[in-house]
Amino acid sequence: MDGPPSSTQGANIEGESPRVEPTIETDEATITDDAELERTLGLSGGLAIGIGTMIGAGIFVFPGLAAGRTGPAASVSFAIGALVALLVALPASELATAMPKSGGGYYYISRGLGALAGTVVGLSLWFGLVFATAFYLVGFGYYAVDTLAELGVTVGDGLVIPLALLFGAGFTVLNVTGTENAAKLQNGIVALLLSILIAFLGYGGLDTVGLFGEPTAPEQFAPFGSMPVLTTAALVFTSYLGFAQVATVAGEMKAPGRNLPLAMVGSVLVVGVLYVVTIFVATSAFGSEQLSEFGETAMVEVGRHYLGPAGAFAIVFGGLLATMSSANASVLSTSRAIYAVSKDALLPRRASRINLRYGTPHVALGLAGGPILVLVATGRVELLAEVASFLHLVMYGLLCVALVALRRDEPEWYDPDFRVPGYPVVPILGALASFALIGFMQPVSQIVGVAIMIVTAGWYAYYARDVTLKGVL
């Protein structure tokens, strides 16, 4: 199957046009001018990517923050986030099997809705991932300080930001130099994390219902009413940003029509269940008010409550692994977003330049790492998380709209291996749910998000307004 044509009519103000990259798909490989990607990933590999990029903030950073806002009903907030992610995962699966290209959501939207929408989404995705990565790194800083405390070295929260900055710079350098075994390392981290979490949550859940120890006195489920449940859902949606990363490997997946949607939906379901159970176990251990006082590393105290020092250390170790994994994966994803937009001439071509020594997009990685370090220095955990969610929810909503547009016109090249069941209801609900969740964010997050989108639209008008992507409806 041939993908959409990628040549253009017109160019940016530097005279650059998008690169032509015809694609041929077979059962064994996806073949482009640049590479031949063998289809080696099965369902388990796709699940590992989705789960690995989502496990992290939802379990290790958010329980204290979410419980303080919502009480035990924070579990419903996580369930709402999972539902919105599922409504987007199905349309994303169809688009990914029709267009197995790097760039993910940016590529689908630019081909379905045009270069302006593509520029806004592509550059907003860059900033969204930058905010998300900064959030993960600040979480990592808190867990690094707690790790030192568990080892008997008390340094205080003043070291959180310096540690986050140090490791943020380290991850950027690591991605520039390239790592051949990155995929194996990610799979190993995911397996270890899931083992720690399933053992801990299994024990904590049994303790909570009274099979071990004493039953916990029930707390009022929604002490602050229903509205905080929705505002907290908007905050914690950052926990689900990783599911769309599965779409970026569509060209390397065996039987993508079957395995891609199963991997995307399955990873959201697995992680969603883990998040809901985590809130149940955490609020049963201490109650919402005390969890809120523990802050970003509340789960360390939950681990100590159930399993003593060994439980605390297991959670500290898991939190370090999870925040490192999420931050590292997000740095890489940020550079891919910049690379894809640059290849379409919506950014200067030099942004997609490849380092001859390491074979990595070093300019794109620099454009990712620099802003991340600036945002890390603010230390504003909730603001970083919500702005990341805002910008991704815009992309997810437009992704659903792009699917409807492509289905309506059915261009000759559009031939997905998987089609969304329940069309058009599912993509319409996905778009409405994504945009509606934005309405429950704090005003400062909405203002920052809208400002970023205005700036990206202004960039298109200044730099790339004459670029017309072929394949666009």
Report yes if some heavy atom in the side chain of Leu165 is under 4.5 Å from a heavy atom in the side chain of Pro162; otherwise report no. no

Determine whether a donor-acceptor pair (N or O, by modelled atom type, separation under 3.5 Å) exists between the side chain of Thr97 and the backbone of Asp417. yes

Mind checking what makes side-chain contact (heavy atoms from CB on, under 4.5 Å) contact with Val450, not counting sequence neighbours? Phe390, Ile454

4.5 Å side-chain heavy-atom contact, Cys400 and Ile428: no

Can you check whether Phe286 and Phe294 have ring centres sitting under 6.0 Å from each other? yes

As an exercise, state the distance from CG of Leu95 to CG of Leu90, rounded to the nearest 0.5 Å. 11.0 Å

So which heavy atom on Ala431 is nearest to which on Val401, and how close? CB-CG2, 4.2 Å

I'd like to check Arg465 versus Leu116 (side-chain heavy atoms, cut-off strictly below 4.5 Å). Are they in contact? no

Under 3.5 Å, is there a donor-acceptor pair between the side chain of Thr238 and the main chain of Ala385? yes

Return the CZ to OG1 distance between Phe313 and Thr147, rounded to the nearest 0.5 Å. 7.0 Å

Using the benzene-type ring in the case of Trp, are the ring centres of Tyr136 and Phe131 under 6.0 Å apart? no

Let me confirm one number: the CE-CG distance from Met441 to Leu383, rounded to the nearest 0.5 Å. 11.0 Å

Taking Arg419 first and then Glu410, would you say they form a salt bridge - that is, a charged N and a carboxylate O separated by under 4.0 Å? yes

Return yes if a side-chain donor-acceptor contact under 3.5 Å exists between Thr283 and Ser288, otherwise no. no

Rounded to the nearest 0.5 Å, what separates atom OH in Tyr460 from atom OG1 in Thr119? 6.0 Å

Could you tell me the separation between the CG atom of Leu123 and the CD1 atom of Ile452, rounded to the nearest 0.5 Å? 10.5 Å

Closest heavy-atom contact between Gly168 and Leu137? CA-CD1, 3.6 Å

How close do Val88 and Gly430 get, counting heavy atoms only, and between which atoms? CG2-O, 4.3 Å

Would you please test Leu393 and Phe435 for side-chain contact (heavy atoms from CB on, under 4.5 Å) and show each step? CA-CA 7 Å; Leu393 282 164; Phe435 294 138; over 6 Å; no

In terms of heavy-atom contacts, Leu403 and Pro91 come closest through CD2-CB, 3.6 Å

Any chance CD of Glu289 has more than 12 other-residue heavy atoms, nucleotides or ligands included, within less than 6.0 Å? no

Answer yes or no: is there a side-chain heavy-atom contact under 4.5 Å between Leu235 and Gln442? no

Decide yes or no on side-chain contact (heavy atoms from CB on, under 4.5 Å) for Arg304 and Glu150, but give the supporting numbers first. CA-CA 11 Å; Arg304 197 187 317 279; Glu150 291 299 316; 2.6 Å; yes

Under 3.5 Å: donor-acceptor pair, side chain of Glu94, backbone of Val420: yes

If we only count heavy atoms from C-beta on, is the Leu125 to His392 side-chain gap below 4.5 Å? yes

Not counting sequence neighbours, which residues clear side-chain contact (heavy atoms from CB on, under 4.5 Å) with Val121? List them please. Ile109, Met395, Leu398

Output a table of donor-acceptor pairs, distance under 3.5 Å, between side-chain atoms of residues 58-79 and any protein atom two or more places apart or on a different chain; print 'none' if there are none.
residue, atom, partner, partner atom, Å
Arg69, NE, Glu382, OE1, 3.4
Arg69, NH1, Thr231, O, 3.4
Arg69, NH2, Glu382, OE1, 3.1
Thr70, OG1, Ala66, O, 3.4
Thr70, OG1, Pro228, O, 3.4
Thr70, OG1, Thr232, OG1, 2.5
Ser75, OG, Pro72, O, 3.0
Ser77, OG, Val229, O, 2.8

Does the side chain of Tyr396 reach to within under 4.5 Å of the side chain of Leu241, using non-hydrogen atoms? yes

Please determine if Arg407 forms a cation-pi arrangement with Tyr423, meaning its NZ or CZ atom is less than 6.0 Å from the six-membered ring centre and no more than 45° off the ring axis. yes

Should Asp207 and Val281 be marked as a side-chain contact (heavy atoms from CB on, under 4.5 Å) after you check the CA-CA gap, both sets of side-chain angles, and the distance that decides it? CA-CA 9 Å; Asp207 186 292; Val281 169; over 6 Å; no

Determine, stepwise, if the pair Ile315 / Val302 fulfils side-chain contact (heavy atoms from CB on, under 4.5 Å). CA-CA 9 Å; Ile315 294 298; Val302 176; over 6 Å; no

When you measure from the side chain of Tyr275 to the backbone of Ser239, do you find a donor-acceptor pair of N or O atoms at a distance under 3.5 Å? yes

Could you walk me through whether Glu386 and Arg380 pass the salt bridge (Lys or Arg N to Asp or Glu O under 4.0 Å) test, one step at a time? CA-CA 10 Å; Glu386 275 203 352; Arg380 296 282 302 277; over 6 Å; no

For Tyr106 and Arg111, work out which heavy atoms get closest and say how close. OH-NH1, 4.2 Å

Is any side-chain heavy atom of Trp459 closer than 4.5 Å to one of Leu347? yes

In terms of heavy-atom contacts, Tyr463 and Leu346 come closest through CD2-O, 3.7 Å

With heavy-atom distances below 4.5 Å as the criterion, would you say the side chains of Leu194 and Ile51 are in contact? yes

Answer with yes or no whether the side chains of Asp409 and Tyr414 bring together a donor and an acceptor at under 3.5 Å. no

Test your reading of the model: is there a side-chain donor-acceptor pair from His305 to the backbone of Glu301, 3.5 Å cut-off? no

Between atom CG of Leu86 and atom CG of Leu269, what is the distance when rounded to the nearest 0.5 Å? 5.0 Å

Checking Tyr107 side chain against Val341 main chain: does a donor-acceptor pair fall under 3.5 Å? no

